[in-house]
Amino acid sequence: MLFEKISVVGLGYIGLPTAAALAARRKKVIGVDINKNTVDIINRGEIHIIEPELDMVVHAAVTEGYLRASTTPEPADAFLIAVPTPFKDDHEPDLSYIRAASYSIAPVLKKGNLVILESTSPVGATEEMAKWLAVSRPDLTFPQTHGENSDIRIAYCPERVLPGHVMRELVENDRVIGGMTPACSTMAIKLYKIFVNGECIITNSRTAEMCKLTENSFRDVNIAFANELSIICDEIGVNVWDLINLANHHPRVNILQPGPGVGGHCIAVDPWFIVSRSPNNAHLIKAARKVNDSKPKWVIDKVRSTIDELLALHPQKNRSDITISCFGLTFKANIDDLRESPALAIAEEIAELHHGSVLAVEPNIDKIPSQNTKIELCSIDTALQGSDILVLLVDHKEFLQIDSELIKDLKIIDTRGCWSKKLKA
Ligand code: SAJ
């Protein structure tokens, strides 16, 4: 059998579900992570992230002995690297986690192994990884020097799964497989076919790297278009949600939805990897990043002007008498992920600038991680009863069900358009 034992390095939002999917197909999987706490949690058959169905699959895989986690790599037939690739202060990609992962697996590599990089990476990162491995193991041959006959096969294969739907999309989505040589691609396809029902399409590693960045930049540019439209429409007195709905009736128009900004660890990051490789040509991609990054400030300016409006209407009130409630803190609807969340950043900024109470309703978390914030988590009912201004930041399902009678007399800043539609109806 080609793959008796598979090692997944990095047990986060992508690595753990992938390890679990392989283990569910009865492969021996060793998950490697530098965080001992994460390793201990997984070895108890539990998980450290929230993702529908993942808990069940991990629990079964660990109990049946197919999945085990460790802080140290051990020999395997294939290594799949899924570690973070953040950017540095100047938006330059930070490959230090990939480098560290490469150096950590190098000592246990053996002839015939396959190494796949899944982390979202700037173009050329797979070749870099191959160099780090080759430097550490001069006794083995690699594709960059020995082509089709290399001892070690190397490929880039980006993940494309949507948080909240990871377990289904891991199996159903098509995969782009970028081998450093055709033999590398062929071997990588065999690995993915263990659990992927979608099509596995072969290309080279650089195109596969650029493909991942292109997918997320495409989405970023399209969200920026919607966000820019929302600001223009606010200025000229047109309802942007109606407008988009109407325009989308055109057979070749499909505008995305405006929001408070773009969050998460992918779409707000990956376009910079293109900009950093081609700073003089990536005009539109860079402009889109700037439009999306500036949207939270626009929302905060709206909050300031709404406070002023309210004070003008009720001259007997002081600023400190006004209670503002933020609805939603996560980076998008119906998940618990606060990473790079514009909603959380906006709520924190409101808490900074506003002298009165600031409440937040977030059905998916029970604690706000920020240290110095005066934001109080509360229920939907408490927020509706005690607030003067409601700021809708995330379109969680619970908020869509709120009766319009309960909000019709309050000042509302609806960054997602879900209450505006209700109130018009
Ligand atoms: N957003 C809008 N308006 C929209 C759609 C999204 O404001 O119309 C915002 C969301 O609220 C959120 C952000 O954009 O703040 C990103 O959300 P998302 O649902 O667009 O994407 P992610 O970050 O959850 O997942 C993306 C996906 N990529 C694409 O759809 C091209 C996913 O398939 C990738 O696997 C993932 O990035 C990743 O890991 O790269």
Side-chain angles (χ1 to χ4, degrees), residues 10 12-18 49-52 82-87 93 118-122 156-170 172-176 198 208-231 240-241 244-245 247-248 253-274 285 288-289 291-296 298-299 327-346 364 392-396 399 414-418:
Y13 282 82
I14 299 303
L16 183 56
T18 306
I49 50 179
I50 293 192
E51 180 59 44
V83 294
T85 38
F87 57 59
E118 278 214 7
S119 311
T120 302
S121 302
Y156 181 75
C157 177
E159 59 82 14
R160 303 170 131 172
V161 287
L162 196 68
H165 302 268
V166 169
M167 296 316 284
R168 180 177 54 77
E169 289 208 354
L170 261 183
E172 287 178 5
N173 289 1
D174 296 342
R175 299 295 295 238
V176 172
E209 288 160 345
M210 188 61 180
C211 186
K212 168 71 191 184
L213 303 179
T214 300
E215 290 161 12
N216 280 353
S217 297
F218 172 85
R219 195 150 170 90
D220 197 44
V221 168
N222 282 279
I223 298 169
F225 181 73
N227 276 333
E228 186 164 290
L229 265 184
S230 72
I231 295 171
V240 71
W241 320 104
I244 291 175
N245 185 30
N248 283 350
V253 173
N254 185 12
I255 303 170
L256 294 180
Q257 296 299 304
V262 166
H265 32 287
C266 309
I267 294 196
V269 175
D270 302 355
W272 289 115
F273 292 1
I274 298 181
I285 294 171
R289 270 293 62 248
V291 169
N292 286 333
D293 274 354
S294 68
K295 191 74 192 288
W298 184 85
V299 176
F327 279 69
L329 297 175
T330 56
F331 89 80
K332 66 177 191 175
N334 309 322
I335 57 167
D336 70 330
D337 197 337
L338 293 168
R339 287 181 294 172
E340 317 293 333
S341 170
L344 179 62
I346 290 167
N364 302 293
L392 190 284
L393 296 169
V394 189
D395 43 345
H396 288 314
F399 304 160
D414 180 358
T415 69
R416 301 274 184 180
C418 34

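Order of appearance sets the numbers: ligands from 1, and atoms from 1 within every ligand.
Residue-environment remark: CZ (Phe225) stays at or below the threshold of 12 foreign heavy atoms within 6.0 Å.
Around atom 22 (P) of ligand 1, the closest heavy atom drawn from Arg160, Glu169, Lys332 belongs to Lys332. Remark: among candidates Thr120, Leu162, Thr415, the nearest residue to atom 27 (C) of ligand 1 is Leu162, based on non-hydrogen atoms. The closest non-hydrogen atom to atom 34 (C) of ligand 1, taken over Ile14, Val166, Val269, Val161, comes from Val161. The option with the heavy atom closest to atom 28 (N) of ligand 1, from among Asn222, Asn292, Val262, Asn216, is Asn216. Of the candidates Cys266, Gly164, Gly328, Cys266 brings a heavy atom nearest to atom 38 (C) of ligand 1. Selection from His165, Arg416, Lys212 by nearest heavy atom to atom 40 (O) of ligand 1 gives Lys212. With distances taken over non-hydrogen atoms, the option nearest atom 5 (C) of ligand 1 out of Arg219, Gln257, Glu118, Glu215 is Arg219.
Side-chain contact check for His265 and Thr120: no donor-acceptor pair (N or O, by modelled atom type) lies under 3.5 Å.
Using a 4.0 angstrom heavy-atom cutoff, His265 does not count as in contact with ligand 1.
Take Phe327 and apply the ring pair (Phe, Tyr, Trp, His ring centres under 6.0 Å) test, not counting sequence neighbours, and it matches Phe399, Trp419. Considering only residues two or more places apart in sequence or on other chains, Phe273 meets the ring pair (Phe, Tyr, Trp, His ring centres under 6.0 Å) condition with none of them.
Remark: side-chain polar atoms of Arg175 are not paired, donor with acceptor, to backbone N or O of Gly198 under 3.5 angstrom.
Protein heavy atom at the shortest distance from atom 39 (O) of ligand 1 is Glu159 OE2, 2.5 Å.
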